[in-house]
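Reviewing the structure listed below.
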Amino acid sequence: MGHLDLSTASGMTLALLPEVMLSAWAFALTLYAGVRHRDAVDQRRAGLIALAGLVATLIVVIWMWAADVRSVGLPFMMALDAFRWATSVVFLLGAILTVLLSFSYVDRERLWAPEYYVLLLLATVGMMFMGSGLDLIVIFLGLELMSVAVYVLAGINRRSPFAAEAALKYFLLGAFASGFFLYGIALIYGATGTTNLTLIDYQLRSLGLGTNLMLLIGAAMLLVGFGFKIAAVPFHMWAPDVYDGAPTPVTAFMAAAVKAAGFAALVRVLLHALSGALPAWQNIVWWLAVLTILVGNLIAIAQRQMKRMLAYSSIAHAGYLLAAVASGNALGAGAFLFYALAYTLMTIGAFAVVAMAGHNGERDLLIDDLTGLARRRPWLAIGTAIFMLSLLGFPGTAGFMGKWFILQSILQAREHALAVVLVAGSVLSAGYYLPVVMVMFMKPPVSETAHEQVAARGAGRLVVAVTAICVLLFGVWPNPALDLARSGGHDLASSPQAPVSSTSGAER
Amino acid sequence: MLLGPALAVSAILFSIGVAGVLLRRNAIIIFMCVELMLNAVNLTFIALAQQLGPEGQVFVFFVMAVAAAEAAVGLAIIIAIYRHRQTLDLQYINLLRG
Amino acid sequence: MTQFVFWTLSGVAILGALLCITGRNPVMSALSLVLTLFALAGIYVLFDAHFIAVMQIIVYAGAIMVLFLFVIMLLNVGRPDAGSDVKGKVGKFWAGFLGAALIAEMAAMWRLLPGESFRLPAGTLAGLTAQRGAVGLIAEPLFRAYLVPFEITSVLLLAAVVGAVVLAKRKL
Amino acid sequence: MPAIVEWVWLVVMLPFGGFLANGWISFFRPNDKRAVSIIGVGVLAGAFLVAVAVVLGAARETVEAAPAVFTYWSWMPVGTLQVDVAFQVDHLSSVMLLVVTGVGALIHVFSVGYMRADPGYARYFAYLNLFVFFMLVLVLGASFPVMFVGWEGVGLCSYLLIGFWFSEKANADAGKKAFIMNRIGDFGFLVAMFMIYRSIGSLSFQNVFEQAPTAFAVGGSAITWITLALFLGCAGKSAQIPLYTWLPDAMAGPTPVSALIHAATMVTAGVYLVARTNVLFAMAPISSAVVAGVGALTALFAATIAVKQWDIKKVLAYSTVSQLGYMFLGVGIGAYTAGMFHLVTHAFFKALLFLGSGSVIHVLHHAYHETHRHDDAQDMRNMGGLVRFMPWTAGVMWIATLAIAGIPGLSGFFSKDEILAATFARGGEAPFFYLLWVIGTIAALLTAFYMTRLMIYTFHGSNRTGEKECDHLHEAPWIMTGPLVVLAAGTVLAGALNLPEILPAHGWLEHWLEPVTELGTRYLPEASLAPGTEWALLGLATAVAAVGIIGAWRLLHPEALVPAREAPPETGLGKLLYRKYYVDEIYDAAVVRPLVWLSEKVLWREIDQGVIDGAGVTGVTRLARWLGHLGTWFQNGYVGRYVLWFVVAVILVVWEIRR
Amino acid sequence: MSGLLSSIGYQYWVLDALILIPVAGGAVALVGPEVSGKRTALVVTLLEFVVSLGLWWAFDPATAGMQFEVSHAWIPSWGVTYHVGVDGISLFLVLLTTLTMPLAVLGSYTYIKSYERPYYALLLVLTSGMLGVFIAQDLFVFYVFWEIMLIPMYFIIGVWGGERRLYAALKFFIYTFVGSLLMLVAILTIYLLVGQSTGRYSFEYQHLLNNIWLTGRWGIWLFGAFFLAFAIKVPMFPFHTWLPDAHVEAPTAGSVILAGILLKMGTYGFLRFALPLFPGVALSPAVSTAIVVLSVIGIIYGALVAMVQPDFKKLIAYSSVSHLGFVMLGIWALTLQSVQGAIVIMINHGISTGALFFLSGMIYERRHTRAIAAFGGIARVVPAFAAILTFVSLSSIGLPGTNGFIGEFLVLLGSFGTQPAATIVATTGIIFAAAYLLWAIQRILFNPLDQPENEKIPDLSVRELIVLAPLLACIVWIGVYPAPILRRTEASAQALVNQVRGPQRLPIVPGAPER
């Protein structure tokens, strides 16, 4: 297929194919949900439809990636590069795993609203726009689309006061952060006269706007907005509460895909559009990374609840990803892509375990409740151990390769202090990942009947198995994913030469 | 040439919105303050649009759509929380913490 | 004249905003916000954004704020005996301090202007409005260059609708 | 040329084979005492015969030639360090070879009787054989490291045999003390080896002795430190001040062990080492003076303690320490032959004394055993008048006593006098040596005194053992008295080995050892005595011995003694001597206790558990946890608070980016 | 023999086989029936030992370089190669590992009573991990193996350990993890520095070694990172406090492996990586003095603290601190004798301390206590045990004629040439060694038999004797005839000394960061 001329309708449609396709699927599912929303069977069918849509979209994305679709002509709203495909794959993967995870969870919690899956699909569409948008407004709208859907998903369990509170907190703070984000867009628009990322980059470099106050404040506001979405310290404070209150599959989705989407847009904006102002934002990202790593890991140590612990752990991991961003180089973008994939796998796997083990209200699932799990459910315990070790960054797992990649990018940028902070964070994280392994394997179950009801059934079992195997696989043989991630990162940072003629996408 | 003053007024309005969010405890009023922030940004867009072309106005259009969407969802969430807690005072909404 | 109108409207907007955040009664706050929105609509006109000004009044002041008021009424949070939700002294201090700090940091905006190279000559937008009409000015980029975002908006609204319904409907 | 000397390996391996065989028996057929006796004694007898053949062969073949070195395999080949497992047969080692195997064989025979009733009979002989093996390695080793194998090996056997009856805490303690004291000495030996290697690049005796004259300056600091370190080793092994305290404790072992290890052979290894490395010591006059001084002091010091001991073996133990001091005095002043000569004679009479006391103890123990009393079989206050029951033992022990006291004609007279004469001869050089001579003479007086005391209290006067016990007192069996007689013969005759110059047929040993000692004597000043002086000294020595013996007869009253259980505690000077000047207590208070306290209370509890683990590891963990909990305090669930921090962060971010 | 081996292409597959056999065996043990887990493990480890034994003959003592090299591309985009090889320094550590493992399995036969399959599977995986550390010739591979063996050990301590096993396991893990992560940063930094200066980005050890010469601030920091990782593992004072806990809580086989092999990784790391990569730093007066002083402190401190331990296993653990201090002194004195001595002590410590741990485990199985005070006088009851314990203790305190003497003697002799003062202080360690071990065995074996529980304990069984026999044989063999070992290590040790002491090259000057 090669190159698409985006000035033609067909070219444009093709460029948007995955998003269009998934949106259409979501519409269809809405219709289905409107008609059939009575019982568990409908619910499951809706889930299957959503799953089919996600898989189909994934296939399309992979197909377009393999065909190396590129655009010719003027810069467009949507990027056509490996970074987009890579991020789309991560989001879709996250969504697919979430759907799989949801089947039994929704059943168990009697969340009989097929709209759940609609919103999941719509949120995924929003993420894909965030990963692919080449214009701040697309990124903003993608972000809002995702956010609106996820606000609702967080509170979808209407019987739960926790879920409602989670949704409210997430919503209020999210909207608040959106205001900053939007302000950032406005200021950058004012400083450069455009919102197209390629053109911003061009203007920034050609006009030497690296120290322009309006641009800098705009960049700062953008960072704040992104910082909220990715739960970077000190914009993270919503995350533990919301992750805690939301239904576990949604939490997994938030921790993995939503965060990855925020990062995808952040990486694209910073490395593509604002690389000319690198010295200005690098320092801030550096500090955010350091704070996020340390605070996330430290507070996680103090947690007793599994879900909150994972929430803080996901904050810490945002710190690692921010460290990759702080390196500000192509390697960092590649490291982000690889780590995002690894992180999605291991985090969803870990939450899947929480969803399964927390049969009587996963909010109350303490780490100590897993005591002796290995004696009753050895495979589940082994899976959990794999996720914990991968999150810890232990060799043989994808998490290790990802961390190695990130460190490589950081050190390439000579940020040795940051590297040390990162490894210090990893050490701290041993303080809360290992106890999980410890209680599961090294203590006897508290009673004869403990863990009787813990069961990995059907799709949930599939999620744990697949994620665990993938985590190990990428930990031993990361080459394909690694090469793709590198090329994705490379694509992003070495942006094509900006066109000289146009200053704005619109005609005058 | 009112661009500078407009940007300044916009910044002031935005800051007032932020201050409002800090000042209030009622979820719905906080949400209104957020709307105020959005409107402040809109003013920036509009003021810039006069100098940079109509795209700025298009953005405002999108922002309005977003605001509408957020309002719909946000108010639904507020209703949902009210059903559970019979209050919108955030002081009393902290089951989740730690 | 324009200056005077701008400053008057700005004053009204700021006043409305202050009333909104300090008003004891949610209804009062909402109405103050509506005042601000109206004033902003007036300022929009000054900046040659006639269509947006109208939208501001119809959509924002009209639809959205009514929705707010409706919810306030529905939940009966605006009743006189509800008490103030304004925070105490410490909260006020922080709100004032941080708001002022934010304003101070962005006060430099006053002097900021977009770069000469891509700034339109004065009066261009007014001319375009005259040429294409207030709606045409928006419609042209909206349905050409910004078609994709426009479509995303539609999806966004769908999501909002679905979401609102899911959350608000009586029976799950 | 398949010379007989090459059979020297057999001398070494016979006792080792005995060790293996007896060790095997001790595990699998512990009651087969007959086999043990045959093997244990047989290998020693065999070794002695082969040793005699080897020495005769060596005497015939290599009288004037370089020492015969037999290399078996390469032990530690590391770059320039080439240590081979090699034995060296020369004039010096052959003397030791004969003493070790000869006296050793006799003591083995004695042990057959002495240990007959012990359940650990096989184990005992295994250890004893192993000891002889290591002792032979020590004397035959052709390099410092190989010698060190024997050096530490004998220490090990000493440890095992002192603690042979390990169920008594005191015995086990004594063994441990011996080992650790020896280790302190070994530390010196090791350091000396390191220094030698650093200077010369080799550790074999041949290379070292050949190159020493060119590698070191006479009296230089390198050679002085090397020899001082070596002497530390000797002090540990040979129980000199300040490391002598283990030897009296070592009497906890079976008495034949004391005879073999702690009188005749092992403890003399230090003397042997100095004699072996005479060239090094001769090049370091200061060290030599230290050796002589320490030797003399030890001789006196130990002799004073011996005067007031009640335990018969303790008396002999301090006597041994004292006599070793003489030997060091000899080798310290450069009279290497005299030192070795005293070593040989001492081996005979001290072994004899120990074995004799062993007989006494054996008999007393037996008697107490028969009457079920639990009195101390070693306390002289429980003896007395034993000459009536054990005439043979008393007789041979008198011979030995007179020998050690220095009665002319007996071996001890000649060897001790030679040392004192040589010391006196060097007095012309520095008055220091006169001082040493005086000390030595006083010690000789005390020696005569305490040995006579021992004999009087043990064999004469009335019997204090007990009424009923008297019936069970009798002469030890022939297998025990036999070796005594042989040793007594040695005691009488050994003096002929090296008669003083004023007598005919003098200096045979001197001549024999000349190839070895001439290396060192080159560096020493020529010192000789006029025959008249020598006669005078001989006369003086005789007089001193006589005064000591007669003084003891006159001063001591065995009739006044009461059995140990009824004896009043000592007072005054007597107590000081009886308690050995409290040296053990001082060591305990000054070294052992502080060290244990430091290790437990400071290093372990404070530094390890307190600082490193507590403040360090646990502290960091606590800090992390505390910070984590602090973090959760921020996370208090209030949206307002979250917004507050959010806005603060926004302001900081904007501030930062505007900079 | 070597002709026979080369006729079957031994040198081409041996290292791969050594890594793969235990992993495969571990899988078999894990899925097989519960009862046959230990047998499978025993067969596999014995097979492993037999396979590795060929190295003894196939190894060419004249070559200083790597032998049996195997290299496969792993992660080409990062320049990671699965590259393994053996030289004189690693040869005996490999053999020590393969020798220890069957004994560890056999020694666990009755000690481990629960979850046998995973236990033996973990032991087998651990084997691969440890061997990997010793043979890796690529720093990435090295790091992966270095970390990966933490996990089996963590589980072995944590699941099958004593009462405070959780604490000990966590402490062990985190301690090691702390050090190794900084090393990771250092490895990456070296990789990038060398990559930038040569244009070839590769983790291959030879490549990095040939192209790095760092001094000054960079050198100090990078060396410090390696130092921390290795010093914790050794463990050097004051990074040693994980060791007593881990040793005490681990099951017997775990302690044996910890002491016998894992600790050697630290000293091996110093020999293989820290010293050759940063000779300029390592030999600078400040660093070298500091390390030598720490080593000597470790020797004395370990011995003194060992002396007052009430728990026999803890005593052995602290004695390890002391012994490893000798190794560090030998490495840092950097003479041929001291380095070879260090290698020999590494082997010896594995054998002697391994045997001591086996013995402590055997007595623990009988009495379920390790407190020294709980025993006394048992030499009469269990003569074989007593004899072997005494013998092994003597080897541990370096009695000439046993293996312990060879190592300590060579180290001290060699070190005296370059570090005389430190050596003299270190030599006093032999006195303290005698003090703590003899005191301990006196309190266990000798003294009156005053506790009735001790009167009926059975002596060593045939299985236990089989476990100990190879170790005892090694003690004597190395003590009497160590020349074959010394000859095989000499070329590599000499090459190391020459390389580190060799002429200095121009330092890399780290330039501007790359974006």
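The sequence lines fix the lettering, A, B, ..., with proteins before strands; numbering per chain opens at 1. Just so you know, these numbers come straight off a predicted model, no measurement behind them.
- Checking side-chain atoms of D/Trp75 against main-chain N and O of E/Gly479 turns up a donor-acceptor pair under 3.5 Å.
- Heavy atoms of E/Tyr436 lying under 4.5 Å from chain D are absent altogether.
- With a 4.5 angstrom heavy-atom cutoff, E/Leu410 touches chain D only via side-chain atoms.
- In this structure, D/Arg183 is not positioned above the aromatic face of E/Phe432 in the sense of NZ or CZ being under 6.0 Å from the six-membered ring centre and within 45° of the axis.
- The contact list for residues 414-422 of chain E toward chain D, using heavy atoms and a distance under 4.5 Å, reads E/Phe416, E/Gly417, E/Pro420 by residue number.
- With a 4.5 angstrom heavy-atom cutoff, E/Trp439 touches chain D via backbone and side-chain atoms both.
- Interface remark: E/Asp450 contributes no atoms to any contact with chain D (heavy atom separation under 4.5 Å).
- Distance check: D/Asn182 CG to E/Ile431 CD1 gives 11.0 Å after rounding to the nearest 0.5 Å.
- Between chain E and the options D/Val596, D/Ile612, D/Val149, D/Ile180, heavy-atom pairs under 4.5 Å are most frequent for D/Ile612.
- The shortest side-chain heavy-atom distance between E/Gln337 and D/Tyr197 falls under the 4.5 Å cut-off.
- Using a 4.5 Å heavy-atom cutoff, the side chains of E/Leu413 and D/Met76 are not in contact.
- Annotation: side chain of E/Leu336 is not in contact with side chain of D/Leu81 (no heavy-atom distance under 4.5 Å).
- Between D/Leu603 and E/Val308 the shortest side-chain heavy-atom distance does not fall below 4.5 Å.
- For E/Leu445, the part sitting under 4.5 Å from any heavy atom of chain D is the backbone (N, CA, C, O) and nothing else.
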Item to complete: Let me see the working for D/Val617 and E/Tyr175 under side-chain contact (heavy atoms from CB on, under 4.5 Å), right down to the final yes or no.
Response: CA-CA 9 Å; D/Val617 180; E/Tyr175 246 110; 3.1 Å; yes
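- Of all the listed residues (D/Met193, D/Arg198, D/Met195, D/Met181), the one sharing the greatest number of non-hydrogen pairs under 4.5 Å with chain E is D/Arg198.
- Of the listed residues (E/Gln309, E/Arg443, E/Glu490, E/Met307), the greatest number of heavy-atom pairs within a distance under 4.5 Å of chain D belongs to E/Gln309.
- For the atom pair CZ of D/Phe187 and CG of E/Leu412, the computed distance is 10.0 Å after rounding to the nearest 0.5 Å.
- The distance from the CD1 atom of E/Ile430 to the CG atom of D/Leu190 is 4.5 Å, given to the nearest 0.5 Å.
- Between E/Leu394 atom CG and D/Glu152 atom CD the span is 9.5 Å, to the nearest 0.5 Å.
- Side-chain contact check for E/Tyr301 versus D/Asp608: some heavy-atom pair is nearer than 4.5 Å.
- E/Phe409 and D/Phe194 have tilted rings, their planes meeting at an angle from 30° to 60° on a 0 to 90° scale.
- Looking at E/Thr423, only its side chain comes within 4.5 Å of chain D, counting heavy atoms on both sides.
- Heavy atoms closer than 4.5 Å to chain D are found in both the backbone and the side chain of E/Val480.
- Looking at E/Leu449, neither its backbone nor its side chain comes within 4.5 Å of chain D, counting heavy atoms on both sides.
- In E/Trp477, the CH2 atom is crowded: over 12 heavy atoms of neighbouring residues, nucleotides or ligands sit closer than 6.0 Å.
- Highest contact tally toward chain D, considering only E/Thr241, E/Thr489, E/Asn447, E/Thr428, is held by E/Asn447 [criterion: heavy-atom pairs under 4.5 Å].
- For chain E, the nearby parts of D/Ile607 are the backbone and the side chain; heavy atoms of each come within less than 4.5 Å.
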Discussion item. Test side-chain contact (heavy atoms from CB on, under 4.5 Å) on D/Asp613 and E/Lys171; report intermediate values, then the result.
Written reply: CA-CA 10 Å; D/Asp613 243 12; E/Lys171 198 170 173 184; 2.6 Å; yes
